[in-house]
**Student:** 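Dropping the structure in here first, questions after.
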Amino acid sequence: MVTLPLSSQNTSPHGRSIQIRNVSHFYEHSSGHLTVLKNVSFDVAQGEIIALLGPSGCGKSTLLRLISGLETPTGGKIGVDGVRINGPSPDRLIVLQDSYLLPWRTIKQNVALGFEARNLPIDHGQIDHVLDMVGLLSFSGSYPRQLSGGMAQRATLARALVNNPDILLLDEPFGKLDSLTRMSIQNDFLKLSQSRTLTTLLVTHDVEEALLLASRIIVFTPRPAQIVDDFVINLTEPRHRDNRDFVALRHNILEALGHVF
Amino acid sequence: MVTLPLSSQNTSPHGRSIQIRNVSHFYEHSSGHLTVLKNVSFDVAQGEIIALLGPSGCGKSTLLRLISGLETPTGGKIGVDGVRINGPSPDRLIVLQDSYLLPWRTIKQNVALGFEARNLPIDHGQIDHVLDMVGLLSFSGSYPRQLSGGMAQRATLARALVNNPDILLLDEPFGKLDSLTRMSIQNDFLKLSQSRTLTTLLVTHDVEEALLLASRIIVFTPRPAQIVDDFVINLTEPRHRDNRDFVALRHNILEALGHVF
Amino acid sequence: MITVAKELAPHKKTIGIFSFFKENYTIIGFSSWFLVSLCSFFSLKEHNYPGTYFLIWSSLFFSFFLFLLPFLKFTHNNRIIKFVFLHIRWFAVLGFIIFFWEMVTAYAKLLPLPFFPSPQAVLNIYLTDFFRLSESVLSSLLILVPGFLLGSFLGFFVGAAIGWSKEIHYWLHPVIRFAGPLPAIAWLPIALFIFPTIYTASVFLVVISTAFPVAILTASGVSAVETGYYDVARTLGGSPYFLLRHIALPSALPQVFVGLFMGLGASFAVLIVAEMVGAKAGLGWYMEWAQGWGAYANLYAVLCLMSVLFSTLISILFKVRNHVLNWQNDGVKW
Amino acid sequence: MITVAKELAPHKKTIGIFSFFKENYTIIGFSSWFLVSLCSFFSLKEHNYPGTYFLIWSSLFFSFFLFLLPFLKFTHNNRIIKFVFLHIRWFAVLGFIIFFWEMVTAYAKLLPLPFFPSPQAVLNIYLTDFFRLSESVLSSLLILVPGFLLGSFLGFFVGAAIGWSKEIHYWLHPVIRFAGPLPAIAWLPIALFIFPTIYTASVFLVVISTAFPVAILTASGVSAVETGYYDVARTLGGSPYFLLRHIALPSALPQVFVGLFMGLGASFAVLIVAEMVGAKAGLGWYMEWAQGWGAYANLYAVLCLMSVLFSTLISILFKVRNHVLNWQNDGVKW
Amino acid sequence: RAVKASPLPFPKSAQGLTRLRVSLPMSAVCVAPIVAAEHYGIFRSYGIEPSFLSWTKTDALLETLATAKADIGIGMIMQFMKPLEQGYNVKLVAGTHGGCMRIVGSKKQGISSDITSLKGKTIGLTDINGFAYNTFALLLHQHGINPNKDVAWRSYPDPLLPMALEKRDIQAYAGSDPLMYLAQERANGDLIEILSNLSGSWHNLACCVVATGTDTLKRDRQTIYNFSMAALAAAELCANDPEKVAQFYKQYSKSNANLDDIVKILTMQTHHVHPMKEDLCNQIRLYTQQLRDIGVFNSTTDPGVFSKRITENLVAERRS
Ligand SMILES: Nc1ncnc2c1ncn2[C@@H]1O[C@H](COP(=O)(O)OP(=O)(O)OP(=O)(O)O)[C@@H](O)[C@H]1O
Ligand SMILES: Nc1ncnc2c1ncn2[C@@H]1O[C@H](COP(=O)(O)OP(=O)(O)OP(=O)(O)O)[C@@H](O)[C@H]1O
Ligand SMILES: O=[N+]([O-])[O-]
Ligand SMILES: [Mg+2]
Ligand SMILES: [Mg+2]
């Protein structure tokens, strides 16, 4: 792994590769520090889909928050295209674990939030297109409280996708969907990310989902999260659950997780 | 299928088998009826674990609510051990899709709710035992808002199990758990239901979960829900995902669902 | 809940309110109001003034309206008839209450006058003193409305500032904590001292009695916003102003309306007291005037008028709230 | 958020409040209070009464306390010192405000007396009129506390009944909607008429001014309970009483406390007005008395006392709420 | 209506005197003759032993009479008028004296004895709708000044009125004696009398009246008549020898007025005005007319009918 020099100024307009160098993080609690990440280092190449697996509470969401710039690591550096990040940016969007749809806005207004936040004209065509993709076009006038958990999750995804980010940080984005909807959304997502050479970090609990979507799978220890294993996935496309290599990889990954557990 | 005569008086103290006869149900909306179930008939033998599969919004949760007695079907009859049910009963517990932990009670106090509701002395030993089983013993003093979605789901399960019901109606009880916790809880649940000859109806979106746990799988059409298929599962125990019959059954069930979809 | 309107089959609704018992209530209602009419007719000899005629005719009209109600149900389905049907039991009982009141005052004279006037005497005030009463309502509204609006804005902005900025919170929160609980009425001597006219002093009192609860509740609301919403807006590129305008304030609105509700209630109280001090018109002035002349019928008339007016103003506030917060459905009910 | 206390490593906290700027504020605070002391010392010739001595000594003491504060920080960590450190900037500015007030009144005499008394003149009231002031506080509390408690219980039970029972809602909701917005002060003539003594009439007014908002908010709270909670309790075998007692009421408590907050605020207002009318002691009476005699120092003294007292009462209410609703953390902040 | 059992007569004292409970404002100087009359044995000579209940608020006066807690009520005529219109069940039987209220204004602030100088000014009061307001609303109206539009009224506790005048918040104030009298004394000639209910066409009108319940009249008209005559005798005593009355009354005076002041006030008040019978009725007709004109009374109230209805001609009835 080559350590890139990370400078503080923004040289590339569109970041696509991510560098994570020796990142550590702790939270301050009333009575002391809680270390959540410990010396995590890895690189993400442009267009990669990396799945992050690890036990509950190990620090996966924290890592995504750090990369998004919502929080600053207490140790180490995070860069995009070799430039150290400095706060959140709409080029590098995070979809949080909880949906946080604004309850006072309709679904469509929620999806339009990115345009408004950046003072851009609202692209209604694009919004409708994305809503259609996640199967919520007929709900664009509904309020979040009228949606099921799975629908809210899809709306959150749409709210991010509509902004055409270069990097997408997804925190268990399909966790609340039923199996059929999940399959269809996973397919759509795969197509989308292939066509746009989107760089994606995907936190998931579902090993099969990771195997179906990711080009690399990183497995973490329990808190404080450290990398246990880093699987590069070279399955024949289209991937299929019953494929032999698939089943073998699942075994290995579950074992890595199991050791962890 | 033999139609049992359903009398209105309670003859058997412990109901374990369930009879569902021609059950239909509609909800009244401001502008008309919304039919959710249409002529659903099936029987559940004592000790069976039946998984109910079907597309989102088809009426699975409604069926469980009807069996629990929280709602009365607008058509047809539901019986337990041949006796028509008449409102909810602690012998026949439902675990709702949303956790509904009382936010003003600690987890332990939430689990003790059943004892209090029936004016029974609180069995602290039993509560701790069940909390331990779902891995929440160290959280017994926490309030629901301090729990993650998965933990809340486990607490809800504990709140039902502590009452030793004869019939358990579970509405996607493991949906929010991470894969490892889910596996461990599924195993515990399997052991528990075998040792106690518990009769279980399990709504799930996860076909593999259904195949791992159920003795029968019933697949429904979209709303109004009607039975499409009824699979009896005779896999070699312990069941395993990579088993040939398992894979074949999964195919068939997904097909049944797919047709539906 | 998922919208299902599209798939709903239209069906004939069985309307429960047209049931046997409800129809019986129309008969009971008819009887009670007819009795009121009869009783007030016989009181005409001693109570020969407009209020009595009005009571006779209006109760007669209403009793026959109730009598005809069951026959109207299939022909009409308009809002008034629905409303009356929904409250039919109340109307029936109300008829008996007024009949009873009529009996013990105008007819049997069991209670001493002028303390316990008859219904027609109170009604008569509305007819004969209409001009002064409406002048009073107008005059009170001229204090209340600008004061409430000004106070709402002031409270909202101060509250938003306190909830949003740690620095402003540091400096203003102690002020609010100590000055806020002081009832606006306690400011009266100071207000009269500072302000040139009673009108401006009264408006000032309404302003502060509204501004304080609104500020406290707005500050609570803004500071209780879930950080997740801010996170979402920040990643999407929102500026601090965007966060305040599009996240903090809308999210605090339910609390703001609780504050407005409190403030409006407090305004009524302070309005009445301020007007008692020296206004030339207004509901508080009228109350004081009626009390000063020992005109009890006028006193009760203005109390009823006040209760209807204030109730209506609160209803308007809640209408506005329900419109603004149509995405919320578990707030305070009115 | 998940409890992590067990796994936390203990560590030495870097306490931000002991920063450079904060220490400078202690010097500024010291100076301002020292100036107050000095200025009041030079006013002794013309203001030779207990209030001035008290002001001299207390501001001197406080200024030296602030001066020593930076040296105390390592030896002590008690609550008072923490509190002062936290509010050090406020105390510094407060010193300047009082110094300024002192200058324009006692020293430079720029403002006309008796309308603008000096700080020592106001302080003097507390020292010389201590007995009557404490009698007034006591007398007001004797109206307020029983009235508020009674009103709370009444409002809670009526509200619970309205929220719980459709039938009770049908009959009582219109009454609440019309009588509720009427400020309790409007009941004053009637209360004085019905109740034998001013004391009972005042308590009655406090009762209704508390009961109405509590009833409205309790009813809202009970009727807004999510049905899912009822479902859970019903399947577990809960009786209707169990549902009311263990689901509806606890779930409505946050709303009930908003109602109690509103009611307490309204009680203060009604208390003051009721006492102005004809009581022989009490804070409202004292205010009226002070105003009547043009005793502005007394007026400001009683206003300050009222603001501290009322603020304390509300703080107590919020302490109780935070204790009862320790499971909730997004309610109204005080 | 069912015929009521004949009511009980008034109780007698040990000396055979009829006991009467009289509600009156003890601290108002104008009732001094009544209070003194008891001391000087006038009531005894009419066979009456009165006990005095003091009232301070109109409600209290009205209520004691309505609920028969007192047999006789003495108060300002204006306190009775509106309740009587609304059916208050008492009769006015006599007037006790003429005016006792005045408006005084500050010369420094441009007030002169000309009533029109009040236009656009603010008048201070102790009670915004007390009987001072009620009285002067009428009088101002009579002098062509609209009491609601041409002047402003503002209430202050009575010790604060001079302060308010000094602050120029008000230019005049209205009230009853001894307050007005004392204020004038203190003001070194700045305060000038503008209007009183002794002035102009009101000169011979009664200010305070004796009222009694209709049921009380049925019990014993003779005693009520005797009381009225005693009150008249007391008023005559006062008119002729105010010093004698003041001497005894001094102890009841609320304000720190000295004997001389009380005498002067008593002299100013017209204690020889004490109408009964038709005179009283006519005076009330006049008041009624004026109350109607300023909108306190309903326009449908007929002054002639009303004044007959609410007064009782004790002498005429005595013969039957
Ligand atoms: N803002 C915060 N302040 C303090 N502690 C936090 C904060 N956010 C998270 N934590 C703690 O940090 C640890 C890691 O949290 P994180 O959400 O990153 O885990 P995760 O791997 O995403 O877990 P899950 O799979 O359950 O989503 C947890 O123990 C959590 O309690
Ligand atoms: N109380 C209710 N009143 C009116 N309509 C309802 C009610 N409960 C459910 N519905 C409607 O009935 C339909 C079936 O709901 P149900 O919850 O039974 O579906 P489900 O199969 O459990 O779906 P999911 O898999 O999403 O949980 C839905 O369209 C829903 O909107
Ligand atoms: O503040 N409220 O809970 O409505
Ligand atoms: Mg996470
Ligand atoms: Mg469901």
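Proteins come first, then strands; the chains are lettered A, B, ... in the order of their sequence lines, and each starts at number 1. The analysis underlying the following values was restricted to heavy atoms, covering all of them including side chains, and did not include hydrogens, waters or symmetry mates.
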**Student:** When rounded to the nearest 0.5 angstrom, what is the spacing between CG in Leu113(B) and CD1 in Ile247(D)?
**Tutor:**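 Interatomic distance, Leu113(B) CG to Ile247(D) CD1, rounded to 0.5 Å: 5.5 Å.
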**Student:** So which part of Tyr100(B) gets closer than 4.5 Å to some heavy atom of chain D, the side chain, the backbone, both or neither?
**Tutor:**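 Both parts, heavy atoms under 4.5 Å.
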**Student:** Counting only heavy atoms closer than 4.5 Å, note whether Leu96(B) contacts chain D via side chain, backbone, both or neither.
**Tutor:**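 The answer is the side chain of Leu96(B).
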**Student:** If you count heavy-atom pairs under 4.5 Å between each of Gly237(D), Ala233(D), Gly238(D) and chain B, which one has the most?
**Tutor:** Gly237(D)
**Student:** Are any of the side-chain heavy atoms of Val324(D) and Trp104(B) separated by less than 4.5 Å?
**Tutor:** no
**Student:** Could you check Arg159(B) against Leu236(D) for side chain to side chain contact (heavy atoms under 4.5 Å, CB included), going step by step and ending with a plain yes or no?
**Tutor:** CA-CA 9 Å; Arg159(B) 181 167 63 184; Leu236(D) 289 172; 4.2 Å; yes
**Student:** Tell me, side chain or backbone of Phe242(D) under 4.5 Å from chain B's heavy atoms, or both, or neither?
**Tutor:** side chain
**Student:** For Arg118(B), is the CZ atom crowded, meaning more than 12 foreign heavy atoms sit under 6.0 Å from it?
**Tutor:** yes
**Student:** Identify, with sequence neighbours excluded, every residue that meets salt bridge (charged side-chain N to carboxylate O under 4.0 Å, His left out) alongside Glu226(D).
**Tutor:** none
**Student:** For a quick test of reading the model, state the closest non-hydrogen atom pair linking Leu101(B) to Tyr229(D) and the distance between them.
**Tutor:** O-CE2, 3.5 Å
**Student:** Against chain B, label Leu325(D) side chain, backbone, both or neither, depending on which of its atoms sit under 4.5 Å from a heavy atom there.
**Tutor:**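 Answer is neither: Leu325(D) stays 4.5 Å or more from chain B.
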**Student:** Would you say Arg234(D) and Leu70(B) make side-chain contact, with heavy atoms under 4.5 Å?
**Tutor:**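 Result yes, sub-4.5 Å side-chain heavy-atom pair found.
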**Student:** Is there a side-chain contact between Gln328(D) and Arg145(B) (heavy atoms, below 4.5 Å)?
**Tutor:** no
**Student:** Measure distances from Arg65(B) to the heavy atoms of chain D and classify the residue's part below 4.5 Å as side chain, backbone, both or neither.
**Tutor:**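 Arg65(B) touches chain D through side-chain heavy atoms alone.
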**Student:** With a 4.5 angstrom heavy-atom cut-off, which part of Leu102(B) approaches chain D: side chain, backbone, both or neither?
**Tutor:** both
**Student:** Which of residues 160-179 of chain D get closer than 4.5 angstrom to chain B, counting heavy atoms alone?
**Tutor:** none
**Student:** With only heavy atoms counted, which part of Asp98(B) is less than 4.5 Å from chain D, the side chain, the backbone, both or neither?
**Tutor:**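 No part of it gets close to chain D.
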